[in-house]
Amino acid sequence: MSQHALLSAGAKSWRSLACLRTELRLDLTLGCGQTFRWRETGEGHWTGVMGGRVWTLTQTDDTLWYYTYSTPGSEGEMNGRKRRVGARPHGPVKKAKGMIMVKEEEPTEDQEPKVMTPERDIKEEETLKDYFQLNVKLADLYREWGTADQHFKRIAQTFTGVRMLRQDPTECLFSFICTSNNHISRIQGMVERLCHTLGPPLCQLDGTSYHDFPPLQALADSSVEACLRNLGFGYRARFLQQSARQIVDTHDSRWLDSLRGVPYFQARDALRTLPGVGLKVADCVCLMSLDKACAVPVDTHVWQIAQRDYRCGVGKGQKSLTDKVHRDIGDFFRQLWGPYAGWAHSVLFCSDLKKFQKLKETAVKKEEVAEVKITSEKTAKKSGRGASVPRVKREAVAE
DNA sequence: CTAAGACCTCC
DNA sequence: GAGGTCTTA
């Protein structure tokens, strides 16, 4: 049985890239709801599908480690000859108690060694850099946002390395059509079932099968709505099928990808012609797959953040998130953060997620300790009034 | 432009 | 109700 790779089981067949935690935090970046395709398969190890291949990623202080599994067809790149179909990490790995794995580095006889051609090696490194947009210097951006915005500065101390992914536009679009009236954990399950049912299989690891995202044509088939309703997609099943149908019927196959080269508002308007795609979903697709770094997806939580943390008056007295409020909140944050406003937004969005509240609480405690220390130092000097109680901001929680 | 209601399911 | 969208008034 093939297993998920673990760095502790031997770094030999892993590759790596220099990357600081200030530039990338896998847990936050992969878990903040911009992608629904990654799972933590070991402590700090994330396994998912990217670029038609299954990857496991993990990181140490200054290094991003990656491992790819062989899949049917993926070996064709080497010399046109198909290699093994099974996939497994190199070096058999024994499972000890819980997450602890016993290191064991023996060559296996039942399989050919994973041949890593330089071409594929380079290609995969490029795929990874592209997906995480590692050419964008996140620490520099954090510094700029923090200069203009004290609230951001405070949050950013804890939520470092929250980075926008550059996802496949088709996967991004159809995943986000699933997000309406929904929450992350359920969306994850839906996308998983979608891929399992309509996506090409890639490999199997520890009994879990990994599939690529379904191609557009597969989603456009008229049988898809009923199929997805059976999988618990509800009314979104029709949106998915109809949107796929509309794209296949009225555009050529590269249309969605071509929106990367189109200005933000134009690309957003184009997306909004698709059923199930409103301003929020269109902004998500623009930001997360179409290179529109200034796109700020506005949902009820982002609206709440604007009011609570920025005393933003936009839409005050408004009962619901109208298109106008959408646009005005977006403009508000673009004015505050500049051309990468969408990236900054995701840092605050991430910090508001319930699953990351523990992180925040420990940070608040540290702040309190620091503040008490400062206050008591002052008090000692002036030998005056006692230490004041540090203010703890009451912040609502998303999800 | 804004305000309701409906839409599927799951916790 | 949940990280909306569509339709109708």
Side-chain angles (χ1 to χ4, degrees), chain A residues 28-37 159 162 164-165 167 172-194 197 224-246 268-289 295-309 314-331 333 341-357 395-399:
Chain A
L28 302 179
T29 299
L30 264 19
C32 70
Q34 59 175 319
T35 171
F36 306 100
R37 293 281 272 156
F159 292 86
V162 181
M164 257 9 262
L165 264 19
Q167 302 183 63
C172 192
L173 170 63
F174 289 93
S175 295
F176 276 90
I177 289 177
C178 300
T179 63
S180 73
N181 248 326
N182 217 340
H183 50 272
I184 293 177
S185 56
R186 187 180 164 213
I187 300 165
Q188 278 188 344
M190 287 165 61
V191 173
E192 195 170 65
R193 293 194 293 279
L194 176 69
T197 309
V224 164
E225 179 181 352
C227 170
L228 295 182
R229 277 188 181 269
N230 285 330
L231 294 176
F233 279 63
Y235 62 87
R236 303 167 198 84
R238 187 205 310 267
F239 288 154
L240 289 167
Q241 191 273 329
Q242 285 185 155
S243 280
R245 178 84 273 153
Q246 185 173 318
R268 188 174 69 176
D269 288 343
L271 291 173
R272 285 201 64 188
T273 65
L274 301 168
V277 181
L279 273 174
K280 162 63 173 36
V281 170
D283 273 333
C284 285
V285 178
C286 279
L287 174 65
M288 301 168 187
S289 72
V296 179
V298 177
D299 57 31
T300 52
H301 296 288
V302 173
W303 189 18
Q304 190 180 313
I305 289 171
Q307 299 183 112
R308 183 192 65 207
D309 301 329
V314 168
K316 196 163 63 176
Q318 217 67 306
K319 193 79 176 74
S320 64
L321 213 50
T322 61
D323 280 7
K324 179 169 165 51
V325 177
H326 256 112
R327 284 187 251 270
D328 290 346
I329 297 283
D331 289 341
F333 282 124
W343 287 54
H345 135 280
S346 79
V347 177
L348 295 191
F349 185 85
C350 180
S351 82
D352 236 34
L353 289 173
K354 184 183 267 175
K355 63 162 119 172
F356 295 131
Q357 284 320 291
E395 304 192 49
V397 165
E399 233 218 331

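Protein chains get the first letters and strands the later ones, always in sequence-line order, with residue 1 at the start of each.
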In whole angstroms, how far is the [atom2] atom of [N] from the [atom1] atom of [X]?
X         : N      : atom1 : atom2 : result
Arg238(A) : dG4(C) : CZ    : C1'   : 16 Å
Leu353(A) : dG3(C) : CG    : C1'   : 9 Å
Leu240(A) : dC7(B) : CG    : P     : 19 Å
Gln241(A) : dC8(B) : CD    : C1'   : 17 Å
Ile329(A) : dG3(C) : CD1   : C1'   : 15 Å
Gln318(A) : dC1(B) : CD    : P     : 12 Å
Asp299(A) : dG3(C) : CG    : P     : 8 Å
Ile187(A) : dG3(C) : CD1   : P     : 8 Å

### Message
Whether Thr179(A) contacts dG3(C) is assessed here as follows: a side-chain N or O lying under 4.0 Å from the phosphate OP1 or OP2. Is that the case?
### Response
no
### Task
Starting at the 5' end of DNA chain B, write a dot or bracket for each base, bracketing those in Watson-Crick or G-U wobble pairs whose two distances are under 3.5 Å and using | for partners on another strand.
.||||||.||.
Is the shortest side-chain N to carboxylate O distance from [X] to [Y] below 4.0 Å?
X         : Y         : value
Lys280(A) : Asp323(A) : no
Arg327(A) : Asp283(A) : no
Asp328(A) : Lys324(A) : yes

Within a strict 4.5 Å, meaning less than it, do heavy atoms of the [X] and [Y] side chains meet?
X         : Y         : answer
Cys32(A)  : Leu353(A) : yes
Val325(A) : Ile329(A) : yes
Ser180(A) : Val281(A) : no

Which part of the nucleic acid does [X] contact within heavy-atom distance under 4.0 Å: base, sugar-phosphate only, or nothing?
X         : answer
Val281(A) : sugar-phosphate
Cys178(A) : nothing
Lys324(A) : sugar-phosphate

What's touching nucleotides 9-11 of chain B from the protein side, N or O pairs under 3.5 Å?
{"unit_1": "dT9(B)", "atom_1": "O4'", "unit_2": "Arg186(A)", "atom_2": "NH2", "d": "2.9"}
{"unit_1": "dT9(B)", "atom_1": "O2", "unit_2": "Arg186(A)", "atom_2": "NH1", "d": "3.0"}

Give each protein N/O atom lying under 3.5 Å from an N/O atom of nucleotides 6-8 of chain C, with the pair distance.
{"unit_1": "dC6(C)", "atom_1": "OP1", "unit_2": "Gly276(A)", "atom_2": "N", "d": "2.9"}

